[in-house]
Amino acid sequence: MRPWFTIFISAALLSVFFAAFNPHDYLYPGEENSSIEVKNISANGAFYSLVTIGGQEAFLLLDGKPVNDTGQVQSVLRASLHSEVSFDDKKTAITEGILKFNASRNKKIHPYSRYGVEDQCKLENVQNPCSTLSECIGTATMVCQIDPTVSCDAGLLGRAIYEFYPPSVQLSKDVSGALAEANSMTLDNAVGKLDAVKQKLPLIKSNAEKMSHSIIRYPAVSVGGTLWLASDPCNSNTYVNSHRDECGNIIGRCYPIPFDFSSLASAENAANTLSSSLAETESTTVVSQQITTATNDRIDFKVHSAIIAQYNAKLSAVNDKYPQIFAQVEKLRPILADDAFKSAVFKLDSKREAIELGISSKQYVGLDAKIAEYGKLALEANASMQNATEIYYAALKAQDASSDSLIEAEWAINAKDSGASSEFGKLKAKQVSLDSSFKPPLKSVQYVGLKADYNSLAKDAKSFTGNRARNILFSISGSAGKAGADSLLALASTVKPLDYKDRMKLAPSMPLWLLVLTGLSIVSLALAAFAGALVVFRGVFRQRLMMIVWVAALIAFFAVVGAGSAGAYVMLNQTSPGSTLAEFMSEVNSQGAAYVLVDTAGATDAAVASMDSCASKIAKSLREDGIKVSTYKVAGSKCFAEGKPTSKDADACLNSMSASGEPIFHLKYSATPKNPLFTLLVSKEAATSGDAAYMDKCIIQDAITNK
């Protein structure tokens, strides 16, 4: 790290230390709602504050400034702990309990007694120290020899001394050891010292109990009218019955020792309480390290947060300066494969990543230069993608144009015209092949080639559409069929008015009715002509041969009419299912009026919205071409005109539109989209069916606009 930067960081840290401390300034992201608690501590002659954030110790403050020395923090924590657990009081309770217990060993029988109970017993019965049973029997033998006036059983006395003297010696050692550990105990060594004291207290109690049960004692003695040690277990019948070996062999050479077990228990309780309270003492090392680490980390975070914010602002400034460039780069990244563009984008990405890494790792050296270079690289990337971008969008535009041309071409042919369908299939195959090649990312030269191919396809499709004249038989039969159908419908309407549904039912059988009526007309005319000829040329027809020739001619005529009618029926039946967009729009233009109808039957809400939008687009396009447009919508039994409810029901609206004879753009719902069906025979409709997505495209609006 450079010297100037080190000086800068140090100055920043010092300014943090000496500024008015506010814990909220040191919160990490996400800690805004964390609880902050401050605990005041008096330790080592000074006043401190322990700050916790979210329940975790974070700072130790001295005069409002963070302490970041682990040793000092640990010293303060231990001093605070010392104060909290009343260390001195607990220590005094331990030593006083042991001392009181120890003093009870030599309680005097009488105020004028020279020795206490235990010392007096030793003086009278232990001539030489002993530690084993045999040694104690030897000592007992000496006692018996010194005082022959007393009936003495050396073996029994030796056992009594063994039960009394060795425990007494060990008891004195343990008491001295416990007192030494307790007296030398400080807050720093309290845990270890307490463990030593707690190990000795049970031993003290155990040896005292052994001495209490030694048969060297009296079971009970009245002293000044008061029973000495009335609590001796051998004063209890229950105990005597179960411990005959002890109580039955008591030799009565010493007063029972009135051990103060309650004081010993008090010392043990104080030791246990202090031990529990000081369980955290060993953790002060870890906690103090955690505090100093947290302190340094949070101070570091605050200092660096300001620096990081500055560099992030500088980086954002570059991004904000060239937003369109960066947006375009992201948009074109999966589209363009030109080497120059890829190289420019790679450099731009690498520089941004280096800047972000420097900020996140707090390595600020050279960041300003990198950010400046980042802006230059953005301009280089922009320059590298300008030409490639134009080429790509030109290819995309050509693709869309060819697709529109193919739609127009498809709607320019009759589904029954196999020749036209075959020719259109070749155009469609070429489109599929080109679309399969249009898979970004591609290089500019590839987009240039695709643009040329799509333009060629569009040209071929437009040529197909413009030059495509329907087969003469289709045209004649279609026109004748339309005229015949109109005449037939007019004739039928004189008998019974035909509504919309009647017309739909009549449509499939219309070619047959036209054939029957046409055939009957021709036959009637032929028969009338034959009858007239018989009258006028009756002289001629009297000749048998002439009559045969005339009848034969009439039969031949009927055969020709029949064959022609059959052919006309076949052709009319082929043309009746559908027409073309051009023919339908010709009808729309000739009448100068049209309906746009939305049928919501079975449609989802999304589909209804899409159909309404498409209907509006169709109406707008037609009106721009000077066509009078009326918009309707049927929803169940309700009918809406120009978006407003009408007094008519759905059937009445449909009948009204059908009776007018004006063409209808009929939008219907279908889960599977279908191409529009154009009909001019019986009904004049451009029926479009599809789901919401299909209606959103509103392809028919594009097609009629291009027309």
Side-chain angles (χ1 to χ4, degrees), residues 1-38 49-70 72-73 288-323 325-327 329-330 345-381:
M1 185 177 294
R2 295 180 180 178
W4 67 266
F5 191 74
T6 303
I7 294 173
F8 169 76
I9 294 295
S10 299
L13 289 173
L14 288 174
S15 67
V16 172
F17 276 126
F18 290 101
F21 185 83
N22 183 354
H24 291 87
D25 295 338
Y26 299 87
L27 295 178
Y28 291 129
E31 288 185 332
E32 293 79 7
N33 298 321
S34 297
S35 61
I36 298 177
E37 298 179 358
V38 180
S49 296
L50 180 62
V51 181
T52 60
I53 299 177
Q56 186 69 39
E57 296 88 349
F59 296 99
L60 181 66
L61 307 178
L62 173 60
D63 297 330
K65 299 179 181 63
V67 178
N68 63 347
D69 179 79
T70 303
Q72 184 179 355
V73 174
S288 59
Q289 183 61 58
Q290 290 176 344
I291 291 175
T292 52
T293 299
T295 297
N296 293 329
D297 286 347
R298 287 181 181 274
I299 290 173
D300 180 78
F301 170 75
K302 181 182 179 183
V303 172
H304 287 287
S305 292
I307 300 173
I308 289 172
Q310 292 177 1
Y311 280 111
N312 280 332
K314 292 180 179 180
L315 180 61
S316 296
V318 176
N319 290 330
D320 294 341
K321 185 177 181 180
Y322 308 112
I325 294 178
F326 291 110
V329 166
E330 292 307 311
V345 171
F346 176 78
K347 292 178 181 178
L348 190 65
D349 290 342
S350 298
K351 190 61 63 177
R352 183 180 61 251
E353 291 172 0
I355 294 170
E356 292 173 346
L357 179 61
I359 294 174
S360 63
S361 62
K362 305 173 186 177
Q363 301 296 320
Y364 310 120
V365 177
L367 276 183
D368 290 285
K370 291 179 181 177
I371 292 175
E373 188 177 356
Y374 177 60
K376 295 179 181 178
L377 289 174
L379 295 176
E380 291 180 9

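- Atom CD1 of residue Ile325 and atom CG of residue Leu377 lie 11.0 Å apart, to the nearest 0.5 angstrom.
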Please lay out, stage by stage, how Tyr26 and Asp297 fare under the test side-chain contact (heavy atoms from CB on, under 4.5 Å).
CA-CA 9 Å; Tyr26 299 87; Asp297 286 347; over 6 Å; no

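- Rounding to the nearest 0.5 angstrom, the gap separating the CG atom in Leu315 from the CG atom in Asp320 is 9.5 Å.
- Side-chain contact between Leu27 and His24: present, with at least one pair of heavy atoms (C-beta onward) separated by less than 4.5 Å.
- Looking at heavy atoms from C-beta onward, Leu61 lies in side-chain contact with Pro66 at the 4.5 angstrom threshold.
- To the nearest 0.5 Å, the span separating CG on Asn68 from CZ on Arg298 amounts to 15.0 Å.
- Contact annotation: the side chain of Asp63 never approaches that of Phe21 to less than 4.5 Å [non-hydrogen atoms, C-beta and beyond].
- Ile355 CD1 to Gln363 CD: the interatomic distance, rounded to the nearest 0.5 Å, is 15.0 Å.
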Please determine whether side-chain contact (heavy atoms from CB on, under 4.5 Å) holds for the pair Leu367 and Lys314, giving the CA-CA distance in whole Å, both sets of side-chain angles, and the decisive distance to 0.1 Å.
CA-CA 10 Å; Leu367 276 183; Lys314 292 180 179 180; over 6 Å; no

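- The side chain to side chain contact (heavy atoms under 4.5 Å, CB included) with Val73 is formed by just one residue from the set Val67, Leu62, Thr295, Leu50; it is Val67.
- Closest approach of Val318 and Gly375 over heavy atoms only: CG1-CA, 3.8 Å.
- Other residues, nucleotides and ligands contribute only 12 or fewer heavy atoms inside 6.0 Å of the CZ atom of Phe346.
- A salt bridge links Glu373 to Lys351: one of the charged nitrogens lies within less than 4.0 Å of a carboxylate oxygen.
- A distance of 10.0 Å separates NZ in Lys370 from CD1 in Ile359, rounded to the nearest 0.5 Å.
- Within the 4.5 Å cutoff, the side chain of Arg352 has heavy atoms near those of the Asp349 side chain.
- Pro23 is not listed as a side-chain neighbour of Phe59, based on a closest heavy-atom distance of 4.5 Å or more.
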